[in-house]
Amino acid sequence: LNSERSQLNMSGSQSMKNDTKTNEPAPGALSRRLVRACDRAVLSTSLVNTEWPYGSLVMTACDHGAKPILLISDLAEHTTNLATNNRASLLFDGTVGLDNPLTGARVTVLGTIARTEDPFLKARYMSRHPESEVFANFGDFNFYEMAVERAHIVAGFGLINWVEKAELIFDTAGFEALAEAENDIVSHMNGDHSDAITLYATSLCSLPDGDWKMTGVDPEGCDLRLGGEVARVDFNRPVTDAEAARSELVKLVKAARKPNSE
C-alpha cells in the first residue's frame with residue numbers, strides 16, 4: 001500500500017482504523033479515505049431502454065460521513081439514466097501517476113443516487129469545486145447524493161475486499177457541532193493561517209509550494225486545493241467540534257515543521 005499512500009497525498013498523521021493483524025488501514029477505512037481524497041469519479045449508470053452500462057466522468061465531493069455528492073445537469077445522459085434507474089456505481093481512482101497503476105488503490109462504491117436540496121451538502125460541494133458556483137445557479141443543474149450500499153476496493157495485489165456500508169460510512173452522530181462550525185473553520189484558516197495550509201501541502205503531502213486553500217474539514221481530516229490539484233490531510237483522531245479541530249490543526253503544523261516530515 002505504500003505507493004497508494006503516496007499517490008493519495010496522505011500526511012504523516014493517521015486517523016484511519018488499522019487492521020490489528022497487519023497494522024494496515026482496514027479496507028473500509030482505506031475505501032473511505034479514497035472517497036474523501038478524490039475530487040472526481042467514473043459514474044456508471046444503466047443506459048435507458050438497453051442492457052448497456054454507461055460510464056461518465058463526474059466531479060465529486062462528500063458529506064462528513066463520506067457519502068458522495070454530485071452536481072449534474074438534467075441534460076446529461078447519466079441523469080436521464082438515473083431518472084429511470086437510480087442504482088449506480090462510482091469508481092474512485094487513486095492510481096494516477098503511478099509507474100504501475102495496478103499497484104495503486106481504487107474503490108467502486110455502489111448505491112442509489114437521488115436529488116438533494118440540503119444546503120450543507122451544496123456548500124461542501126461548491127467549496128470543493130469553486131468553479132461549480134456558476135453551474136449551481138443554472139436551472140438545469142441539480143445536486144445529488146449517493147445512498148451507499150457497499151463498495152469493492154482493490155489496493156494493489158494484496159488487498160481486494162468487499163466493504164459493507166457500516167464499514168465504509170463514518171457515523172457522524174455526535175459530530176454535529178463540527179458540521180455547524182466547518183465554514184467558520186475553513187474561512188479562518190484561509191484568511192489567517194494560509195502559511196499553515198501551505199505547510200500541510202508541502203511538508204506533509206510533499207506537494208509543490210503555492211497558494212493552497214482549505215476547502216473542507218470533516219471529523220477525520222481536511223481537504224486542500226491548488227488549481228486542479230487536491231490533497232487530503234488526516235487527523236490523528238476524529239474531531240467533534242471546532243476546538244478539537246483547532247487542536248489537531250495545530251498538531252499538524254508542528255508535525256510539518258519537524259525535520260524530515262513526511
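Just so you know, residue 1 is the first one in the sequence shown, and it goes up from there. FYI, side chains are in, hydrogens and waters are out, and symmetry mates aren't considered; it's all heavy atoms of this structure.
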List the atom pairs, donor and acceptor, that lie under 3.5 Å between side-chain atoms in residues 46-59 and the rest of the protein, sequence neighbours left out.
| residue | atom | partner | partner atom | Å |
| --- | --- | --- | --- | --- |
| Thr50 | OG1 | Leu47 | O | 3.1 |
| Thr50 | OG1 | Trp52 | N | 3.0 |
| Ser56 | OG | His78 | ND1 | 2.7 |

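- Atom OH of Tyr144 is separated from atom OG1 of Thr79 by 5.0 Å, given to the nearest 0.5 angstrom.
- Between Ala177 and Asp241, the shortest heavy-atom contact is CB-CB, 4.0 Å.
- How far CG of Asp223 is from CG of Asp39: 9.5 Å, rounded to the nearest 0.5 Å.
- The distance from the CD1 atom of Ile69 to the CG atom of Leu121 is 4.5 Å, given to the nearest 0.5 Å.
- Looking only at side-chain heavy atoms (C-beta outward), Cys222 and Val186 stay at 4.5 Å or farther from each other.
- A distance-only check finds no donor-acceptor pair linking the side chain of Ser89 to the backbone of Leu110 [under 3.5 Å].
- Within the structure, salt bridge (Lys or Arg N to Asp or Glu O under 4.0 Å) pairs that include any residue of residues 195-219 comprise Arg36-Asp218, Asp211-Lys213, Asp218-Arg232 (at least two apart or interchain).
- Linking Ile, Leu, Val, Met, Phe, Trp and Tyr whenever their side-chain heavy atoms come within less than 4.5 Å leaves Val107 and Leu91 in two separate clusters.
- Distance CG/Asp63 to CD/Glu145: 4.5 Å, rounded to 0.5 Å.
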Side-chain polar contacts of residues 155-173 - donor-acceptor pairs under 3.5 angstrom, sequence neighbours left out - could you list them?
| residue | atom | partner | partner atom | Å |
| --- | --- | --- | --- | --- |
| Glu164 | OE2 | Arg150 | NE | 3.4 |
| Glu164 | OE2 | Arg150 | NH2 | 3.3 |
| Glu167 | OE2 | Glu164 | N | 3.1 |
| Asp171 | OD1 | Ala173 | N | 3.1 |

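- Without hydrogens or angle criteria, Arg32 side chain to Leu34 main chain gives no donor-acceptor distance under 3.5 Å.
- Residues Ser203 and Arg257 fail the side-chain proximity criterion, which asks for heavy atoms closer than 4.5 Å.
- Around atom CZ of Phe135, no more than 12 heavy atoms belonging to other residues, nucleotides or ligands sit under 6.0 Å away.
- With sequence neighbours left out, Thr112 forms a side chain to side chain contact (heavy atoms under 4.5 Å, CB included) with Asn86, Arg87, Ala147.
- When all heavy atoms of Ala88 and Leu82 are compared, the closest pair comes out as CB-CD2, 4.0 Å.
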* To do: Please step through side-chain contact (heavy atoms from CB on, under 4.5 Å) for the pair Phe175 and Val239, ending with a clear verdict.
  => CA-CA 8 Å; Phe175 292 80; Val239 300; over 6 Å; no

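- Applying the side chain to side chain contact (heavy atoms under 4.5 Å, CB included) rule to Asp140 yields the partners Ser73, Asp74, Leu75, Phe138; only residues at least two apart in sequence or on another chain are considered.
- Here Ser132 pairs with Leu71, Tyr125, Met126, His129 under the side chain to side chain contact (heavy atoms under 4.5 Å, CB included) rule; sequence neighbours left out.
- Distance alone, capped at 3.5 Å, places no donor-acceptor pair between the Ser127 side chain and the Ala123 backbone.
- Of the listed residues (Asn81, Thr84, Asn85), just one forms a side-chain hydrogen bond (donor to acceptor under 3.5 Å, both in side chains) with Thr45, and that residue is Asn81.
- In this structure, NZ on Lys251 lies 10.0 Å from CZ on Arg246, to the nearest 0.5 angstrom.
- A distance of 9.0 Å separates CG in Leu252 from CG in Asp234, rounded to the nearest 0.5 Å.
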